[in-house]
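Each chain gets a letter, A, B and so on, in the order the sequences are listed, and its residues count up from 1. Just so it is clear, the model here is predicted, and its values are computed rather than measured.
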2 protein chains.
Amino acid sequence: MRLYVERGYEQTTVADIASEAGLTARTFFRHFADKREVLFAGSEFLRDAVVKSLAGVPATAEPMQAVAVALDATAELLGRDHRHSRLRQSVIMATAELRERELIKMATMAALMAEGLRERGVPARDAALAAESGAVVLRVAFEQWVEGPADADLRAVMRDTLARLTAVTGAGFS
Amino acid sequence: MRLYVERGYEQTTVADIASEAGLTARTFFRHFADKREVLFAGSEFLRDAVVKSLAGVPATAEPMQAVAVALDATAELLGRDHRHSRLRQSVIMATAELRERELIKMATMAALMAEGLRERGVPARDAALAAESGAVVLRVAFEQWVEGPADADLRAVMRDTLARLTAVTGAGFS
DNA sequence: GTCGGTGATGTCATCACGTGACATCACTGG
DNA sequence: CCAGTGATGTCACGTGATGACATCACCGAC
């Protein structure tokens with residue numbers, strides 16, 4: 001992370017990182033699948049939290065309500081370290097390669113949410129739409145939170161954003 | 001495309017592609033930024049169409065209405081060659097690397113739509129939400145269309161999907 | 001018709017990413 | 001104390017990607 005911030009992601013070689021840690025490049029690749037992954041390790045926790053929180057919602061709830069609960073859970077985890085989040089976000093946004101990885105992680109989370117919803121009896125397309133919408137809210141809210149003051153509450157931002165999504169997608173379709 | 005289908009994306013080297021075309025790898029990289037890009041060349045047309053169609057919508061329309069128009073325009077272009085779309089989609093979905101690229105192309109389109117909306121006076125967050133929701137509809141609808149019969153109309157699928165999105169995101173938030 | 005520029009291509013060298021195979025060494029349970 | 005296990009190193013290699021320079025065909029100006 002320090003190296004990525006100092007010289008930029010592309011200017012940092014794996015050999016740099018490894019030797020900074022007193023290791024060899026080969027060892028780096030034993031711990032991280034590729035050069036990008038080092039910034040995304042730990043996202044399994046997030047995915048687990050989403051899946052688990054989704055499983056805890058009563059099956060009678062509307063799909064989007066279930067997604068809202070899952071979003072609350074992710075906000076809980078994601079909203080802990082504002083400083084770190086901001087730094088990480090700035091590195092990721094500066095590099096297309098990293099944005100790609102970020103997007104596919106999001107998509108993976110969305111796919112998991114959709115699967116969770118389908119298991120609860122939600123039709124496939126509705127499940128996909130609800131889950132992807134959840135991912136949209138997560139992205140937009142997180143971005144706003146990261147740019148804002150350090151003491152803001154990510155969960156509150158999420159809830160606001162979700163409300164706005166409902167308003168925006170509803171407007172003109174009554 | 002043929003090589004990607006025959007042996008898979010990762011098993012196809014740039015040298016393979018180039019020599020198949022009677023050229024060298026160096027020349028390949030003069031035409032395509034990287035090995036993936038060969039599958040995504042031409043997406044500028046799509047982006048242009050979105051931007052242009054968005055510009056044509058009266059400024060009084062609701063943001064999501066404007067997005068709907070843009071979706072119609074993309075469906076027009078995207079829905080022309082079902083066979084090709086299906087083949088391309090199967091290659092992309094089979095490889096994480098290609099899915100990543102696909103996602104960032106989508107995200108770029110969404111960012112353009114959001115910018116277009118902001119220029120029309122839509123607040124930044126609403127613009128982002130509407131545009132990203134549009135991208136969600138596009139993805140979900142396209143997937144469904146690609147898997148379905150060859151004579152289905154992508155525009156119709158899009159409109160259905162958009163309606164479902166409104167229903168799903170609205171349910172439980174009245 | 002030739003000259004000179006321009007664009008597309010080839011050749012060569014070079015890096016960085018990523019992986020397989022094998023060796024080494026520290027630690028740990030029996 | 002020994003055998004096994006896991007983390008690391010070393011080496012070799014294929015592939016993706018880029019810079020520098022050469023070549024060649026084509027085309028307009030004179």
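- The distance from atom CD of B:E37 to atom P of D:dA17 is 11 Å, rounded to the nearest whole Å.
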- Candidate pair B:E6 and B:R2, rule salt bridge (charged side-chain N to carboxylate O under 4.0 Å, His left out), full reasoning: CA-CA 6 Å; B:E6 279 175 16; B:R2 215 192 65 237; 3.2 Å; yes
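- Residue B:F32 contributes atom CZ, which lies 14 Å from atom C1' of C:dA8 at whole-angstrom precision.
- Relative to the side chain of B:T27, the nucleotides C:dC12, C:dT9, D:dT8 differ in distance, and C:dT9 lies closest.
- The side chain of A:T13 lies closest to C:dA16, out of D:dA17, C:dA16, C:dT19.
- When distances run from any side-chain atom of B:F29 to the nucleotides C:dG10, D:dA17, C:dG20, the shortest one goes to D:dA17.
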- Task: Walk me through it: do A:L71 and A:R155 pass the test side-chain contact (heavy atoms from CB on, under 4.5 Å)?
- Result: CA-CA 8 Å; A:L71 287 184; A:R155 278 189 304 178; over 6 Å; no
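- Residue A:T24 has its side chain nearest to D:dG9 when only D:dG9, C:dT11, C:dG10 are considered.
- A salt bridge links B:E37 to B:R101: at least one charged side-chain nitrogen sits closer than 4.0 Å to a carboxylate oxygen.
- The OH-P distance, from A:Y9 to C:dA16, rounds to 14 Å in whole Å.
- Residue contacts for A:A25: at a heavy-atom cut-off of 4.0 Å it reaches no nucleic acid atom on any strand shown.
- Between A:D34 atom CG and C:dA16 atom P there is a gap of 17 Å when expressed in whole angstrom units.
- Rounded to whole angstrom, the span from the CG atom of B:D16 across to the P atom of D:dT15 amounts to 8 Å.
- At least one side-chain heavy atom of A:L129 sits less than 4.5 Å from a side-chain heavy atom of B:T161.
- For B:K35, whose side chain is taken as the heavy atoms from C-beta onward, the closest listed nucleotide among D:dG16, C:dG18, C:dC12 is D:dG16.
- Nearest-nucleotide assignment on DNA chain C puts the 5′-proximal partner with A:E10, out of A:R26 and A:E10.
- The listed nucleotides are D:dT8, C:dT9, D:dA17; the one nearest the side chain of B:L23 is C:dT9.
- Taking only distance into account, the side chain of A:R30 meets the base of D:dG9 through a donor-acceptor pair shorter than 3.5 Å.
- Ionic pairing of A:E100 and B:R36 is present here: one or more N-O contacts between side-chain nitrogen and carboxylate oxygen are shorter than 4.0 angstrom.
- Taking side-chain N and O atoms only, B:H31 has a distance below 4.0 Å to OP1 or OP2 of C:dT9.
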